[in-house]
Amino acid sequence: MIPAGSLLVAEGLHKSFGRTTALDGAEFSIHPGEIVAVLGPSGSGKSTLLHCLAGIVAPDTGTVSYDGHELSALPDRERSALRRTHFGFVFQFGRLVPELTCVENVALPLRLAGVRRRAAERTAQEWLERLEVADIGRHRPGEVSGGQGQRVAVARALVTSPRVIFADEPTGALDSYSGERVMELFTEAARSASTAVVLVTHEPRVAAYSDREIVVRDGRTRDPDLPL
Ligand code: ADP
């Protein structure tokens, strides 16, 4: 049953890559302002679930609905526009644009939304300050450490005040202090702006920030509090 007031809902997701079944009937739902940790062994389908929820990967069968709209029913342009304006992403290893400086990377989602360069870069610089990497704004991603790059990626995900943040191992490259800082910022976004946060993680101390945990195993999802 779908809980009332859900912002993002997935039902009956199946996805195969060749002979590999990545999702085998996965379900998901999240409320505005809720932080859900997605746990499970490596290869169980967590990233594929995240990509389906974000409309990056189309499931073979099953549906994903955001705010009452089924993602696969939207034309590509509308789905891309929705991803740009409503969703923020932190992928594994950051995935920054190497040719742009760090501040330009963070400003990019604002620039794509039509914000002028100076204003976008000013806001971007404020986010770098919040993540305590203000001094690397003019460097390119290749010139900063993995942990600094990951913080830039987190700033880029938060800069548009998205309604949903999708984060795949966002603290993987970070020391425990920086990881906690990132989780505090996600929590602040959830509490003050009702941002929903979908968080794939292996780390119990990161999952501890979530309101709810789900476990993915062999492409199926379950609530860890329910009996097997
Ligand atoms: P997790 O995030 O839990 O480690 P994934 O969702 O990345 O799991 O992967 C689930 C399964 O699907 C794995 O067996 C993986 O090898 C496979 N898989 C995921 N993405 C692809 C892809 N693009 N092409 C082929 N196989 C894939």
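For ligands, and for the atoms within them, numbers begin at 1 and follow the listed sequence.
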Contacting atoms of ligand 1, where contact means under 4.0 angstrom from a heavy atom of [X]:
X: Thr48; answer: 5 (P), 6 (O), 9 (O), 19 (C)
X: Thr20; answer: 12 (O), 14 (O), 17 (C)
X: Gly43; answer: 1 (P), 3 (O), 4 (O), 8 (O), 10 (C), 11 (C), 13 (C)
X: Pro41; answer: 3 (O)
X: Ser44; answer: 1 (P), 3 (O), 8 (O)

Could you report the tightest heavy-atom contact between Arg140 and Cys102, atom names first, then the distance?
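Smallest heavy-atom distance, with atoms named: C-SG, 4.4 Å.
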
Considering non-hydrogen atoms only, spot the tightest contact between Gly137 and Leu128 and give its length.
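Closest pair (atom of Gly137, atom of Leu128, distance): CA-CD1, 3.8 Å.
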
Side chains of Asp175 and Ser178, donor plus acceptor under 3.5 Å:
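Their side chains do contain a donor-acceptor pair, which is all the 3.5 Å distance test asks for.
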
For [atom], find the nearest protein heavy atom and state the residue, atom name and distance (0.1 Å precision).
atom: atom 7 (O) of ligand 1; answer: Ser47 CB, 3.7 Å
atom: atom 12 (O) of ligand 1; answer: Ala22 CB, 3.4 Å
atom: atom 20 (N) of ligand 1; answer: Phe17 CE1, 3.4 Å

Could you tell me whether Arg212 and Glu34 make a salt bridge, using a distance below 4.0 angstrom between a side-chain N and a carboxylate O?
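Salt bridge between Arg212 and Glu34, a charged N being under 4.0 Å from a carboxylate O: yes.
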
Can you tell whether the side chains of Glu121 and Arg138 come within less than 4.0 Å, N to carboxylate O?
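Counted as a salt bridge, because a side-chain N and a carboxylate O are separated by less than 4.0 Å.
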
Suppose we call two aromatic rings close when their centres sit under 6.0 Å apart. Are Phe91 and Phe166 close by that rule?
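Phe91 vs Phe166: aromatic centres not under 6.0 Å.
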
Heavy-atom protein contact below 4.0 Å for atom 18 (N) of ligand 1
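It does: a protein heavy atom is found less than 4.0 Å away from atom 18 (N) of ligand 1.
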
Measuring to protein heavy atoms, does anything land under 4.0 Å from atom 10 (C) of ligand 1?
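Yes, because at least one protein heavy atom sits under 4.0 Å from atom 10 (C) of ligand 1.
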
Residues two or more places apart in sequence or in another chain: which of them pass side chain to side chain donor-acceptor pair (under 3.5 Å) with Asp211?
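Partners of Asp211 under the side chain to side chain donor-acceptor pair (under 3.5 Å) test: Arg191.
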
Does an N or O from Lys46, backbone or side chain, lie closer than 3.5 Å to an N or O of ligand 1?
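By distance alone, the answer is yes.
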
Pairs of nitrogen or oxygen atoms closer than 3.5 Å, one from Gly45 and one from ligand 1: do any exist?
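Yes: some nitrogen or oxygen of Gly45 is under 3.5 Å from one in ligand 1.
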
Can you confirm whether Arg117 is buried at CZ, in the sense that more than 12 heavy atoms of other residues, nucleotides or ligands lie under 6.0 Å from that atom?
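Atom CZ in Arg117 is not crowded, with 12 or fewer foreign heavy atoms closer than 6.0 Å.
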
